[in-house]
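In the text below, chain A, chain B and the rest are named by the order of the sequence lines, each starting its count at 1.
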Amino acid sequence: ASHSPVKIGVILGFTGPIESLTPTMAASAELAMKEATDSGKFLDGAEVMPVRADSTCIDSAAASAAAERLITAEGVTAIMGADCSGVTGAILQNVARANGIVMISPSATSPALSDAEDDGLFFRTSPSDARQGDVLADVLIEKGVKSAALTYTNNDYGKGLSDSIQAAFEAKGGTITISAAHEDGKGDYSAEVGALAQAGGDVLIVAGYLDQGGKGVIQGALDAGAFETFVLPDGMVGDSLPAAIGAPLNGSYGTIAGSESEGADLFQKLATDAGVKTDTYAAESYDAAALILLAMQAAKSANSADFKDKVMDVANAPGEKILPGEIGKALEILAAGGEVDYVGATAVEFIGNGESGGSFRQILVDGEKITTEKYR
Amino acid sequence: MDILNALAVLLNFLVIPALAYGSQLALGALGVTLIYGVLRFSNFAHGELMAFGTMTTILVMWLLQNAGISGGFLPTALIAMPVGILVAVLLALGTDRLVYKFYRKQKSPPVIFLIGSLAVMFFYNGLIRFVIGPDDQNVADGARFIFTAGDFKKWSGLAEGIAFRTTQGISIVVAILCVAALFWFLNKTKTGKSMRAYSDNENLALLSGVNPEKVVVIAWVLAASLATIAGTMYGMDKTFKPFIYLQLLLPIFASAIVGGLGSPIGAVVGGFIIAFSEIAVTFAYKKVIGYLTPGDWVPDGLIQLLSTDYKFAVSFAILVVVLLVRPTGIFKGQTI
Amino acid sequence: MSINYRNIGLFAATAMLFVVVGQMQSWSLSLAILNLCIISAIMSLGVNIQWGYAGLLNVGVMGFAALGGLAAVLVSSPPVAAAWSAGGGNLLVGLLIAALTIGIIVWCYYDMRGTKRRVLIALVAVAGYFATRAFLDPAADAIEAVDPAATGFLGGAGMPIVFAWLIGGVFAAGAAWIVGKISLGLRSDYLAIATLGISEIIIAMLKNEDWLTRGVKNVVGLPRPVPYEVDIQQSVYFQDLAADWGMSIIELSSMVVKLSYAGLFAIVLLIVLYLSETALRSPWGRMMRAIRDNETAAEAMGKDVKGRHLQVFILGSAVVGIAGAMLTTIDGQFTPGAYQPLRFTFLIWAMVIVGGSGNNWGAVLGGFIIWFFWVEAEPIGLWFMDLITSSMDESNPLRLHLLDSAAHIRLMAMGVIMLLVLRFAPQGLIPERRR
Amino acid sequence: MSFLLGKNMTGGYGSTDILHDCTIGVEQGEIAVVVGPNGAGKSTAMKAVFGMLNIREGQVTMDGEDITALTPQARVQKGMGFVPQTHNVFTSMSVEENLEMGAFIRNDDFSDTLAQVFDLFPILKEKRNQPAGELSGGQRQQVAVGRALMTQPKVLMLDEPTAGVSPIVMDELFDRIIEIARTGIAILMVEQNAKQALNIADKGYVLAQGKNLYTDTGEALLADPDVRKAFLGG
Amino acid sequence: MIVVENIHKHFGGIRAVNGASLTIKTGSITGLIGPNGAGKTTLFNVIAGALKPTSGRVLLDGQDITGLSPHELFAQGLLRTFQIAHEFSTLTVRENLMMVPPRQSGESLIKAWTKPGIVKREEEEIRNKANDVIEFLEISHVADELAGNLSGGQKKLLELGRTMMVDAKIVFLDEVGAGVNRTLLATIGDAILRLNKERGYTFCMIEHDMEFISRLCDPVICMAEGSVLAEGTAEEIKNNEEVIEAYLGTGLKNKPAKEVSA
Ligand SMILES: Nc1ncnc2c1ncn2[C@@H]1O[C@H](COP(=O)(O)OP(=O)(O)OP(=O)(O)O)[C@@H](O)[C@H]1O
Ligand SMILES: Nc1ncnc2c1ncn2[C@@H]1O[C@H](COP(=O)(O)OP(=O)(O)OP(=O)(O)O)[C@@H](O)[C@H]1O
Ligand SMILES: [Mg+2]
Ligand SMILES: [Mg+2]
C-alpha cells in the first residue's frame, strides 16, 4: 500500500561547538531509518523520511524554533535528538511536551533531565554518568592505579561524569590529584596540560570528546612527556582517536557502553559499509532512531501519543534480542504481534525514567586499534 | 634545591608552550592590527580568513602528499602555504571589492565596517564548511620533534625532560620574521608610510598623491598572508578545525588590543602577554616549589593561583588591568 | 514626511513576514519567532541606548543577559533547604567578611594617605581574601555535595518568575555600575574588548560557581508565568473552544501559551520603548548625543561626561538584563554554557546596526528582522540548496556533498542577508533622526 | 585663459548647490586670492577645482587641458598641490614624516626642499620627530604649508594658510609665497587676512553665497570702498 | 579674578608651559599673544581643567581651582572656546547652542519622564535664546544644518556662540578670530565690548590679529617659550623690543610679486 511517508525529526547541532560530531550522528540515525524503509515492513511499507534541523547546540531559542518548525510545519511525529542538554531541555519543555511528541536523545546526559517533567515523552540512549563512573573506578583499581589526574570537558556531560568518577574512585581508595575542566573548541590546552602534569598521577583520565578538547589534551600531555597512559570514558572511545594520535596511545584503556552481544562490532561494520564514520555518539544515534521506529511499529502508529508507551517495551526484555542491522527482522516480529528486546549498538537497557542503564565494554588501545578487553 | 630541574619543568610546561602559543596569537593579532591600522575597523572575519587560508593550504598539501612530495624534516604544509596565501589574498580582495569598497565610498563609520565584517564572517564560515567540512584535519607531518622529553633527559641527565616540537620552533621563528618584516615595511618603505598616512587622514593622503585603492589592496594582501601564515602555524601545532578559528578570534583581539591597536610590535607583545598569563596564572607550581625548596619537602596543595576553569577569565582580567594602566594599550594604539 | 511612510512600510513588511510564515509553515512557529523577536528587540534597545545615544561600545552584552538569566533562577526556583542548612551559615559569614573587607578597604582609601594607605589596603585585602575563602570554600563544597545530580545549589526564592525581570535589570545594573566604574574611561575599541573580557569573566563564574548556579549542570524546569500547554489541553473549556473553532486542541493550547507570552513581552517592550523615546527626544537625549559627538567639548560645556556615561551604561545594561531574564523565562531553564558571544553579543549588535543605531524604532525593527532571519535562514537555505541541486543527477557527488553541508547554508544566508540590508541601507533600515 | 581655471562651476556636497556659476583661476607666476564671508563657498570652490567634489556644471582646465574628470590623486600627479583649511596634517605621523608625505610623488632626492622648508619654519626642524597631532595650532599650520611645498607643484592651492599663525611667521609666509610665485608657480589662495593677502595678489576674487561678486586686481579690490566695508573689515 | 601662579606643564621632555604667572582682573578684557608654540593654548587648557598642570596653582577669586574638571569649572562660570573647533557634528547648529545652558530640567531623566510641561517651557526659552545668537552670528541660513557640515569659519562662530548662551563670569577665547571674516570679526569685537561693559563679563583672549587685540584688550600679555615675556597696554606691547623680536616682526622683506613682474 502506498502511504504518506513517516517523518522523523533529526535535531542536532549542525553548526556550533559540536558541528564536527553531528554529521556522523545524523548519518547513523538515518542509517536506521533507511534500514526500516528498505525492509518494506515498517508500518505496512511506509517510507521513513528523516528531516534535519539545526539545534546549534547552544541557542535554546533557535533550537526551539527549529523544533517548532519540524513539528508544526513539516509534520514530524517523533524526534531523534537533541544533542546538547541545554537545547534538549528547552525543546522538550517548550515544544515536545506542548505537542506531545516523543524525543529520544542520543547524547544529552544531564542528570537534571531525569527529573524534568516529560509526560513520558523523553528517552535517551546515552549511558548514565553514575553507572559509568562506578565501572571506570573498578577498572582503575583492577589495573592497580593509585592516583590519577582528571580532566573533563566543561559541560554537563563532562562535569557529571568527572564527579561520579572522582566519587567512585576515591570511595574505592584511589586519589584524584586534580580535577581540571577544559573548554571544547578553544584549541590551545597548554595551560591545562601544565596544571595536570604538575599535579601528577599514574594515569590521566580524560572525560571529554575524542575529536574535541579531549584529543588536544592527550596530544599535549604526550608531547610534553607528562603522561603515558590515558583512561578513556565513552566520549573518548572511537577509531579516530588512535588513528590521530598513533602508537603512543597504545596501552591506554577505557569503557564504553556495550554488551557481549557484538552489537558494537556489527554497527561498526554496518556503518563502514554505508560509508559512515563511527565517532562519538554515532552508535547512540543509530539506537535512538531504531527505538523510535520499533516503538511505532509496536504501536502500529506513527503517532507519538500512541507509541510513547511502547518505547520501554521494545527496548527491554522480554523479547527477541535485536542487534544493529536487524531492524527489518524486528519489524517483522512486531508486525506479527511478537516482542523484541532491542540491544543495538550500545546494549540499550532503559531503567526507570527512560534512561539507559546497561552494561559496559572495557576497551584497550592495542596496535593503534580499539580492542575489547572484557564486558562489565 | 634543584634549580635546573625546576627550570626544566617551567620551560617544558610553561615557557615553550607559551612562546609557541604566543607566537601564533601574535601572528593573528598582526593581521587584525594591520587592518585596523589601515582601514580603521576591527575585522571580525579575520579568524575565518585564517581558517580559509589554512584550508587551502591543507588542500594543496594533500595534492602534494598524493604526488609524493614532502617537506622532509619540515611539514609539507610549509611548501603548500604560498598557494594558500595566494588564494586567501584573492578571497580577501574579492570581499573588499564586493563589500568594503562600497562603505569606503560612502565614508561609513567604522562600526558599519565592523558589522559588515561580521556578515562576511558568517559567509566565510559557511564557505569553509562547504569545502572541507567541520571536521578535524591533521596538518603536521615531517619530524614531530626537534627533541623529545626523553632525548633531553638522556642528554642532560636531569630528572625532568624538555620537549620541543618542530611546529613550536617554526611558529616562533616565523612570528619573529613576520613582525620584523612588517615593522620594516610600515616604517621604512614609502608604501608602508603611505599606508599609515592613509589610515591617519584619507583625504590628505589623497592630496599627497597616495592611491587609496593601492593602499587598500596592499593592506588586504598583507592581512590575508598573515592570516594564512598564522592559521597554518596554529593548525600545524594543534589541529585544524574550522570552529576553533572563531574561538581563537577573542584571544587574538585581546592580544592586538593589549599591545595597542594599530601597532605591530604591540600585537606581538600582546600575544605573548595573553599566552603567558593564560598559562602562568593557572599553572600548578607544586613541582617547581618542590625542586626549589631544600630537602624532600613537597607542598601539599597544587600551588595553583586559580583553577584552569578560569584561564580565559584570567587572560581577560589581565587585559582589563593593562588597559586601566595604559588605556590605549602598551604601545599606545590609535583611537577611532 | 516620506520617511515616515517608509518606516511604516518597513514595519508592515516585517509583519507580513510573520503572516507568510504563519500561512506557509505554521502559526505556532510564527508566534514562537515573534516572542523571541520581542525579546531581541528589547535587548537591542538596551544596546542602542548605550551605543546609539552615547557611543559606548559595549561588547559585553552576553554577560548582562546572563545575569538576567541568573536572576530568573534566584527568584523563581524553589529554595533548597538542605543546601542552606549544609552551608548556608558559613556562606553568609563568608559573604559578610567579604563585604566587611571591601568596606574597610574603601574606608582606608578615603581616610588615609600615602604609604600607610597602600600597606593597609594590601594587608586587609590579603587577610580578607583568605578569611573569606576559609568560610566560602567549605560552604561551597558542602552545598555542592547536596544531591549534586538534582540540586547541589542553594536554589532561589521560589517567587513568581515575572519578578525576575525586574531583578534581572537590577543585577545587570549593579554589574554595569562596577564595570562602568572600571572601564568607562577607555576609548571605543578598548572599551569594547574590556567589556567583552568582563562578560567572559561573568560567564566563567556562572559556569564554575556551582553552589550559586549549578554551573554547567544547568537549572531546568523554571516555573512559567503562563499556563502549560498540557494543562490547557486538559481543560474542558479549551477543548470545547478548539472544537468550536475547528482547530486541534494541541494547536490551540500552543497558540494560547505563545500569545500570553507575547502579551507579557509586548508590555515590557512598549514600556521600554516609550521611556527610551521620551528620553531620546528630551534635552537629555540631546545632551547624550552631544557627548557622543565630542566628549571634550561637552565637558567644557559643563556636562558631567563620566557621570552621564555611567548612567547610560547602567540603564542600557539594565534593559539587556531584563531581556536576559525574559529569555531565560521563555526557555524555562538556565544554561550558563550556552552564553556565547556570537549569539548574545554580535547578533545583538547586528540587530542594532541593521535596524539603525541611534533610533529606537530602528533597534526594534532590527531585533525583529535579524532574529527572524536567524531562525528562518535555515529553511530558506535548505530551500535554496534544493533549488540548485534539483537539476543535478541523483548520485552526483557534488549534489550529495552540497546536501550534506546544507546546514551551513544557514550562516551563509545570514551573512548574505546582513550584507544586503547594509548595502541598501548603510545607515540602517531606519536611520537616526535629524532634528 | 588662465593656467588653472575652474570655470562656471555649479555644485555642492549633497542635493543643494553651494556654488553657483562660480569661476576662479590663476596664471603661472601669479598669485590669486579668494576672499569672502564665512560660508561663502571659498573652500568649496577650492575643493571643486581640486576634484574633491562633483560639480554638476562647468569645468576645470589646467594648461588648456580639461581635467574635470580626473581624480584628486591624478591631479596631484599633474602638478597640483593643495593645503586644505582643516584636517591638514597627519596627526599620528611625525613632522618629518608629514613633510616626506608631501614629497610622496617625487622620485628624486628631496633633501634640498626639506632643508628649505626647515629654513622657512625653523620650529619644525626642532620638532621634526614629534607627532604632528601634538603641535600647537600655528605649528600645525606651518606643517601643512610645508607639506604642500615639498611637492614642488606647478600650482599651489592654499586654503587660509595663515589662520592662527603669528604675525612674524605670517610675514615670512607671505614673503615665501611671493618668492615661490616668482619661480613661475601659480598660487591660488583663500585668505581672511584679506588686506595683507590682496596686497600681494595679482588677482582677487570676492565670493559670496557661492557666486562671484567682484573680480579684479588685488589693488583695485583693496581700493574699492564697498568691498572694504563689506568684506575686508573696513 | 583669576590668578595663575607659576604654572608648569610638561609633556615628557617638552616644557609647553614653563613657570607662567599672570593675573586676569575681573571686568577686564585681557589679551594673550605670543609666537606659535608659546604655550598659550596649553595654559588655557590648564586653567579650564582640560589638563592637569605638572605644578603650580590656579586661583579663582582666591579659591584654589587647580585640577577641577572642566564641567565643575563651567559650573563656577568659567567658559572656554577651542582653537581647533570642537563642534558637535551630528547635532544641528541650533542644538549645538541649545545644549549649552546648565541645569536644564530636561537633562534629568526623571524630570524628562515625569514633568514634560516644565521641560517644554524651558525648551521654548532656550530655543529663543539660541535663535538670537544665531541671528547675531549671521548663520541663520544654516541654523538647521548639521554642525559637521559648516564651513571652517562658521564653526569658529559656533564656538563663540556657545559662550553667549550662558551668563558666564569669565570667558576664555582661543583664537576665535582665526578664519573669521574681518567684517564679521569687527561686529564680534563690538559684542565682546558690549558684554564686557553691560554684563560685566571678564574675557581672556588669545589672538594673532594685533589690530583686533589693540582695539579690545587691556592689558595685553605676551607669552614666549612657556612663560610671560611682557605685560602692558596694547601700545606698550607693540613697541616692546622683545615682543617685536619674538612675535611681531618687522613686516614684509620682499616686495609684492606684481611689482617685479610689472
Ligand atoms: N599633547 C602634547 N604633547 C607634546 N607636546 C605638546 C602637546 N601639546 C602641546 N605641545 C607642545 O607645547 C607647545 C605649546 O603649545 P600650545 O598649543 O600651547 O601653543 P600656543 O601658544 O597655543 O601656539 P599657537 O599660537 O600656535 O596656537 C608647543 O611646542 C607644542 O608642540
Ligand atoms: N561637508 C559639507 N556638507 C554639506 N554642506 C557643507 C559641507 N561643507 C560645507 N558646507 C556648506 O557649504 C557652505 C560653504 O562652505 P565653505 O566651506 O565653502 O565656506 P567658506 O567660504 O570656505 O567659509 P569659511 O571662510 O568659513 O571657511 C556653507 O554654508 C557650509 O555650511
Ligand atoms: Mg573655508
Ligand atoms: Mg594655540
Residue, of D:A194, D:S43, D:G36, that accumulates the most heavy atom pairs under 4.5 Å with chain E: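 The option with the most such pairs is D:G36.
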When only pairs under 4.5 Å are counted, which of D:G39, D:G137, D:G164 shares the most heavy-atom pairs with chain E?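 Looking at each option in turn, the highest pair count goes to D:G164.
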To the nearest 0.5 Å, what is the distance between [atom1] ([X]) and [atom2] ([Y])?
X      : Y      : atom1 : atom2 : value
D:L173 : D:I178 : CG    : CD1   : 10.0 Å
D:E134 : D:S94  : CD    : OG    : 11.0 Å
E:L32  : E:E207 : CG    : CD    : 11.0 Å
E:I47  : E:C204 : CD1   : SG    : 6.5 Å
E:L157 : E:I188 : CG    : CD1   : 5.0 Å
D:L114 : D:L149 : CG    : CG    : 11.5 Å

| message | Please check: side-chain N/O of D:R228 versus main-chain N/O of D:L222, any donor-acceptor pairing under 3.5 Å? | response |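 Yes; judged by distance alone, with no hydrogens or angles, the pair exists.
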Which one wins on heavy-atom pair count under 4.5 Å against chain D: [options]?
options                      : value
E:G179, E:A178, E:S151       : E:G179
E:T41, E:V180, E:D174        : E:V180
E:I244, E:I84, E:N36, E:I206 : E:N36

Where does [X] contact chain D at under 4.5 Å (heavy atoms): side chain, backbone, both or neither?
X      : value
E:I14  : side chain
E:E138 : neither
E:A246 : backbone

Let me know if [X] has heavy atoms under 4.5 Å from chain E in its side chain, its backbone, both or neither.
X      : answer
D:N193 : both
D:A230 : backbone
D:Q139 : both
D:Q130 : side chain
D:E191 : neither
D:S166 : both
D:K42  : neither
D:V165 : both

- Item | side-chain hydrogen bond (donor to acceptor under 3.5 Å, both in side chains) partner of E:N45, chosen from E:R80, E:Q83, E:K40 |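 For E:N45, the side-chain hydrogen bond (donor to acceptor under 3.5 Å, both in side chains) test succeeds with only one of E:R80, E:Q83, E:K40, which is E:R80.
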_side-chain hydrogen bond (donor to acceptor under 3.5 Å, both in side chains) for D:N88 and D:R140? Distances and angles first, verdict last._
CA-CA 8 Å; D:N88 47 20; D:R140 276 185 192 221; 5.9 Å; no
Here's a test for you: under side-chain contact (heavy atoms from CB on, under 4.5 Å), which of E:L229, E:D209, E:I237, E:I221 qualifies with E:I33?
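Considering E:L229, E:D209, E:I237, E:I221, a side-chain contact (heavy atoms from CB on, under 4.5 Å) with E:I33 is found only for E:I237.
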